[in-house]
Every structure is written in structure tokens, then in C-alpha cells.
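So the structure is just underneath, and the comments pick up after that.
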Amino acid sequence: MLFDEFYIKSLVGSIPDWPRKGVNFRDITPVFNNPRALRMVADCFVQRYVDLEFSHVAAVDARGFLVGSIIAYALNKPLILVRKKGKLPPPVHSQTFDMDYGHTTLEIQPNCCKEGDLIVIFDDLIATGHTVLATSKLVQACGGRVIEAAAIIDLPDLQGSALLQDSDIPVFTLCAFEGT
């Protein structure tokens, strides 16, 4: 099945002023409600990563879990769960950062990867890039190295992809939405 960016974009909802005024929330739920769209997204990522040398998939809480777990399963890779604070039992590595509408803390378990492991990070979208940067720091604290960040959506006007690339983290997304 060929990837159809316009089809996927037509399914993504836009919720203005949520979760706060000025934010245009991109809702990927309809993509997951549509078996054709989900297969298209999963197949595109599998084709991208099937021949790439990497050892683990890191999936970011919560919508990153949806794609990341499919790709980890399809490519027979261990899955690192990057959770919001308080969702993993101790011990954990923690990283707090600012988002475009507040701040948050992400955590991973210290034994999720080791020195020399190569990681691909999955999230639903790239906005400011701070979630992926925090995840990268967590992976590095365990000895791993992020080789790419992947997402369904890029929001280029928020400069997250540029920030990540400036931080030596390549970015791969399936589609982009202009505006904030």
C-alpha cells in the first residue's frame, strides 16, 4: 500500500484553542480509528526502518506508544517506554522541560538500554522539539544514542524539527501542517 500524505492529513483533526488559547491541537485519533490509514502509517515507518541498523524503539507517552509499539513489534526491536512522571516504578531517570503550554517531566528506567545501543524515538508529532530532546537526554543517561526521531506530523512553524537537527538528531515525519 502506497503512502498517501493527503489522505492522512485529511483525517487529522484540528482543535483550536485546546488545551489552551492559541494552541491548535492536531488530533491523530481518526488515523487510529481508520484501519487503512493506520496500516498506511505503520507500513511507511516499517519500510523506513527495516534495513536501518538500530537496536531499540523509544516511544513517548502517550500517543507515541501507539506507533512506536507497532514498529517495535514489526521489526522485532525492544520497546523503551518514555513515561510521564510517576508512571514507572523506581529507579528512574527523569528529565523536566518546558512545553509550548506548560512544563512536564519524562522518565525511563535505567536498564532500558545500555552503552552502544542505537535508538529511534517515536512520537505522534514534532512541535517545539523539547519532548524529543528530553527523551534523547534520558536515553543518553542510560548509555544509548538517538539516531533519529520519527513522528506522523511535523509542525515546522514551531521550529522543533530545526532544533532537533541543530542538536544532531535527524527527523523523519510523514506529513507537515503549517501554522501553530
Side-chain angles (χ1 to χ4, degrees), residues 3 28 31-32 38-100 103-156 158-176:
F3 183 76
I28 64 165
V31 172
F32 289 93
L38 180 56
R39 167 80 57 193
M40 198 178 287
V41 165
D43 286 352
C44 188
F45 281 129
V46 167
Q47 289 304 310
R48 167 93 178 160
Y49 295 108
V50 69
D51 292 325
L52 184 69
E53 287 292 322
F54 73 104
S55 57
H56 293 68
V57 168
V60 179
D61 197 346
R63 293 178 301 271
F65 289 173
L66 300 172
V67 175
S69 61
I70 292 169
I71 305 312
Y73 173 79
L75 297 178
N76 198 33
K77 302 291 185 186
L79 180 65
I80 299 170
L81 297 179
V82 183
R83 300 294 317 263
K84 293 177 182 154
K85 185 177 182 173
K87 301 293 184 180
L88 292 171
V92 295
H93 289 300
S94 297
Q95 186 70 40
T96 300
F97 62 99
D98 291 327
M99 298 175 65
D100 52 345
H103 65 277
T104 193
T105 300
L106 294 177
E107 298 178 333
I108 62 173
Q109 295 175 310
N111 62 350
C112 67
C113 65
K114 63 185 182 326
E115 192 71 34
D117 285 340
L118 303 176
I119 316 300
V120 175
I121 298 172
F122 277 88
D123 205 353
D124 62 326
L125 61 81
I126 306 290
T128 64
H130 293 114
T131 299
V132 171
L133 279 179
T135 300
S136 179
K137 289 176 184 175
L138 289 168
V139 165
Q140 290 171 7
C142 296
R145 183 170 61 93
V146 173
I147 60 167
E148 190 160 85
I152 298 171
I153 297 170
D154 183 20
L155 302 177
L158 296 177
Q159 300 294 309
S161 290
L163 174 69
L164 295 174
Q165 291 169 3
D166 289 346
S167 300
D168 295 322
I169 300 173
V171 174
F172 176 74
T173 60
L174 300 181
C175 55

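Values below: every heavy atom of this structure, side chains too, minus hydrogens, waters and symmetry copies. Everything numeric here is computed off the predicted structure, so don't read it as measured data. Sequential numbering from 1 along the given sequence is applied to the chain's residues.
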Answer yes or no: is there a donor N or O on one side and an acceptor on the other, between the side chain of T173 and the main chain of I152, under 3.5 Å?
no
For side chain to side chain contact (heavy atoms under 4.5 Å, CB included), just list the numbers for K84 and T105, CA-CA rounded to whole Å, side-chain angles, deciding distance to a tenth of an Å, and then say yes or no.
CA-CA 6 Å; K84 293 177 182 154; T105 300; over 6 Å; no
Is a donor on one side and an acceptor on the other found under 3.5 Å between the side chain of S167 and the backbone of L163?
yes
Could you check whether any side-chain heavy atom of D168 comes within less than 4.5 Å of a side-chain heavy atom of V146, counting everything from C-beta outward?
no
State, with a plain yes or no, whether a side-chain heavy atom of I71 is found less than 4.5 Å away from one of L79.
no
Tested for side chain to side chain contact (heavy atoms under 4.5 Å, CB included) against T131, the lone hit among I121, T104, I126, L106 is L106
Distance, nearest 0.5 Å, that separates CD of E107 from SG of C112:
12.0 Å
Aromatic centroids of F3 and F45 separated by under 6.0 Å
no
Between CG of L133 and CZ of F97, what distance do you get to the nearest 0.5 Å?
9.0 Å
With F32, which of V67, D124, V41 fulfils side chain to side chain contact (heavy atoms under 4.5 Å, CB included)?
V67
Hey, is the main chain of R145 close enough, under 3.5 Å, to the side chain of Q140 for a donor-acceptor pair?
no
To the nearest 0.5 Å, tell me how far E115 CD sits from C142 SG.
10.5 Å
Name of the residue among D166, D154, V132 meeting side chain to side chain contact (heavy atoms under 4.5 Å, CB included) with S161
D154
Basic-acidic side-chain contact under 4.0 Å: R48, E148:
yes
Is there a donor-acceptor pair under 3.5 Å between the side chain of D117 and the backbone N or O of K114?
yes
Interatomic spacing from NE2 in H130 to OG1 in T135 - rounded to 0.5 Å:
12.5 Å
Would you sort out whether L155 and L125 count as a side chain to side chain contact (heavy atoms under 4.5 Å, CB included), showing the intermediate values?
CA-CA 7 Å; L155 302 177; L125 61 81; 4.1 Å; yes
How far apart are the closest heavy atoms of P89 and V92, and which atoms are they?
O-CG1, 3.5 Å
For a 4.5 angstrom cut-off between non-hydrogen side-chain atoms, does L81 reach I108?
no
For the student: nearest non-hydrogen atoms of G68 and A59, plus distance:
CA-CB, 4.1 Å
Please lay out, stage by stage, how F172 and F122 fare under the test ring pair (Phe, Tyr, Trp, His ring centres under 6.0 Å).
CA-CA 10 Å; F172 176 74; F122 277 88; 9.1 Å; no
Can you measure from NZ (K85) to OG1 (T96) and round to the nearest 0.5 angstrom?
6.0 Å
Closest non-hydrogen atom pair between A134 and Q95, with its separation:
CB-CG, 3.6 Å
Passes side chain to side chain contact (heavy atoms under 4.5 Å, CB included), V82 versus D61? Steps please.
CA-CA 6 Å; V82 183; D61 197 346; 5.9 Å; no
Start with the C-alpha gap between F54 and L75, add the side-chain angles, then the distance that decides, and say whether side chain to side chain contact (heavy atoms under 4.5 Å, CB included) holds.
CA-CA 10 Å; F54 73 104; L75 297 178; 4.0 Å; yes
CD1-SG distance between I119 and C113, expressed to the nearest 0.5 angstrom:
4.5 Å
